[in-house]
Amino acid sequence: MSAIAFVDLAAQRQRLGDRLDRAVARVMDHGAFILGPEVTALEQQLAAFSGARHAVTCANGTDALVLALMAYGIGPGMAVLVPSFTFAATAEAVALVGAVPIFLDVADGDFNLNPALLPDGLAAARRAGLTPAAVIAVDLFGQPADYPALSAFCDAENLILIADAAQSFGGSLAGRRVGTLAPITTTSFFPAKPLGCYGDGGALFTDDEDVAARLRSLRFHGKGSDKYDNVRIGLNSRLDTIQAAILLEKLDIFPSELTARAAVAQRYTAGLGAVARVPILNPGRESAWAQYTLRVPADRRPDLCRTLASQGIPTALYYPTPLHRQTAYQHFPRMADALPVSDALSSEVVSLPLHPYLAPAVQDQIIGAVRDALT
Ligand SMILES: *Cc1c(COP(=O)(O)O)cnc(C)c1O
């Protein structure tokens, strides 16, 4: 039996056939490699898909976070509240603009920022002598965070709410798609994300015309009326036209892929709910299912991964160390001495293969292997 892929990009390529090759060839023929017509078309389609007024593409999901922070003038002397249980880029972007990330614990149910802890985060920022400026909520594994509660708090405290939707593009809350759930949303098109390109890519979403205009300037060296008129310090952070051409083809089949992802998740939950803690969607949420992540007792996890690996079933640990314990980040302030949920999750989570092309029979094999290993 052939090895099982954690994410099967080859199956997706086969489905798209030579559409991808033709899309790339068209760009090579017209030669507008930077901000070519496919970039404009993609931005229009991303905005239409999400329901946000503006979509602005950029070089990757980390730059998208940096650009969001820059667009609101967040920098030295300011604090940004972030979850500790996330990918490093969430906090890295804050440090890159000279601000200070304040680590908060996450909720036990959805692994996202716990809105009830925001006041503790604010207090920690003020104890450190910093001005609280923003909150970055992460939609971990594809499920949108609690934006109604987060927005209410941020509005009352005059904080910018940034949605790090690198894993959740395609998800929704109460019928509103990711991209419209916060004043500014960032995402990533890294190949393994739910909507991925064939290299690095990213995008931002906002309804605010002025913010969108600042983002377009910031991603292009802070350009003003033209590229040799520089009105602010920016970055070189554009999405390649070739990547935009590939994303246009993939966006076309993305809705059906989201449906297929959700079906895989449902089958896992039906098969595994009795032997492990399975992901729970909060009311009104649709997840993009970037990951299907189980929680198992910490002392069972190494054995489970080893047993599955011996049967050709790959697993991944997202994330084995919370950021407040990482060498590069441990000196930053946190809301309290201990962040118990983040610590527990890092020793208990394990993600299973999930992609739109995972055949039911293969899934049943994975389910059987997990059940055998845990019972
Ligand atoms: C992938 C990811 C990013 C960074 O995206 P890149 O395109 O790899 O720079 C940021 N935040 C989260 C939560 C991610 O999963």
Side-chain angles (χ1 to χ4, degrees), residues 5-13 16 20 23-24 38-39 42-43 45-46 49-50 55-69 82-83 85-94 96 111 136-144 162-171 178-179 184-205 215 219 235-254 257-258 261 287-293 314-320 323 351-357:
F6 193 76
V7 172
D8 193 348
L9 294 175
Q12 183 194 49
R13 171 131 197 252
L16 285 165
L20 291 166
V24 171
E38 285 83 356
V39 175
L42 177 68
E43 290 182 343
Q45 291 199 21
L46 288 172
F49 178 89
S50 66
V56 179
T57 54
C58 65
N60 57 68
T62 308
D63 277 8
L65 287 163
V66 170
L67 289 163
L69 293 161
V82 300
F85 192 63
T86 177
F87 181 60
T90 312
E92 184 182 36
V94 176
L96 281 171
F111 311 166
I136 303 181
V138 179
D139 303 338
L140 207 69
F141 306 146
Q143 172 165 204
I162 299 170
D164 178 349
Q167 300 182 11
S168 65
F169 188 65
V178 164
I184 190 160
T185 299
T186 67
T187 199
S188 164
F189 302 126
F190 182 83
K193 308 283 180 177
L195 179 62
C197 56
Y198 284 164
D200 279 310
L204 299 105
F205 301 83
L215 292 171
R219 74 170 170 185
L235 302 176
N236 172 2
S237 184
R238 297 162 307 224
L239 181 73
D240 290 359
T241 309
I242 285 181
Q243 298 301 342
I246 288 162
L247 283 165
L248 279 168
E249 301 304 322
K250 292 202 186 190
L251 185 57
D252 194 45
I253 60 166
F254 189 49
E257 290 192 336
L258 286 168
R261 285 176 173 279
S287 177
W289 293 108
Q291 301 296 339
Y292 187 90
T293 302
T315 54
L317 303 184
Y318 302 119
Y319 298 91
L323 292 186
S351 300
L352 300 179
L354 189 154
H355 59 78
Y357 306 97

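Counting begins at 1 with the first residue of the sequence. Because only heavy atoms are used, hydrogens play no part in the values below, and waters and symmetry mates are left out as well, while side chains stay in.
A search for side-chain contact (heavy atoms from CB on, under 4.5 Å) contacts involving Ser188 returns Ala166, Phe190, Lys193, not counting sequence neighbours. Legend: residues meeting side-chain hydrogen bond (donor to acceptor under 3.5 Å, both in side chains) with Ser237, ordered by chain and number and at least two apart, are Asp63. In this structure Phe49 satisfies the ring-ring contact (aromatic ring centres under 6.0 Å, His included) test together with Phe169, Phe254, sequence neighbours excluded. By the side-chain contact (heavy atoms from CB on, under 4.5 Å) test, Pro191 is found to be paired with Leu9, residues two or more places apart in sequence or in another chain being considered. Looking at residues two or more places apart in sequence or on another chain, you find a side-chain contact (heavy atoms from CB on, under 4.5 Å) between Ala290 and Gln167, Pro194. Not a single salt bridge (Lys or Arg N to Asp or Glu O under 4.0 Å) links Glu257 to another residue, sequence neighbours left out. Partners of Glu92 by salt bridge (Lys or Arg N to Asp or Glu O under 4.0 Å), not counting sequence neighbours: none found. Under the rule for a side-chain hydrogen bond (donor to acceptor under 3.5 Å, both in side chains), the partners of Thr90 that lie at least two apart in sequence or sit in another chain are Thr86, Asp164. Here Ala64 pairs with Cys58, Thr186, Leu204 under the side-chain contact (heavy atoms from CB on, under 4.5 Å) rule; sequence neighbours left out. Applying the side-chain hydrogen bond (donor to acceptor under 3.5 Å, both in side chains) test to Ser50 and every residue at least two apart in sequence or in another chain returns nothing. In this structure Phe189 satisfies the ring-ring contact (aromatic ring centres under 6.0 Å, His included) test with no other residue, sequence neighbours excluded.
Distance alone, capped at 3.5 Å, is enough to place a donor-acceptor pair between the Thr187 side chain and the Ala165 backbone.
Once rounded to the nearest 0.5 Å, the distance linking CG of Leu354 with CG of Asp8 reads 12.0 Å. We find the CG-OH distance between Leu140 and Tyr318 to be 11.5 Å, quoted to the nearest 0.5 Å. Note: Leu352 CG to Phe6 CZ = 7.5 Å, rounded to the nearest 0.5 Å.
Side-chain contact annotation: Glu38 with Thr241, donor-acceptor N/O pair under 3.5 Å absent.
A side chain to side chain contact (heavy atoms under 4.5 Å, CB included) with Val82 is found for exactly one of Val94, Leu323, Val138, namely Val94.
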Identify all side-chain donor-acceptor contacts of residues 243-250 below 3.5 Å with residues at least two apart in sequence or on another chain.
{"from": "Gln243", "atom 1": "OE1", "to": "Tyr198", "atom 2": "N", "distance (Å)": "2.9"}
{"from": "Gln243", "atom 1": "NE2", "to": "Tyr198", "atom 2": "O", "distance (Å)": "3.2"}
{"from": "Glu249", "atom 1": "OE1", "to": "Arg19", "atom 2": "NE", "distance (Å)": "2.8"}
{"from": "Glu249", "atom 1": "OE1", "to": "Arg19", "atom 2": "NH2", "distance (Å)": "2.9"}
{"from": "Lys250", "atom 1": "NZ", "to": "Gln12", "atom 2": "OE1", "distance (Å)": "2.8"}
{"from": "Lys250", "atom 1": "NZ", "to": "Gly196", "atom 2": "O", "distance (Å)": "3.1"}

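Of all the heavy atoms in Leu239 and Gly202, the pair that sits closest is CD1-N, 4.2 Å.
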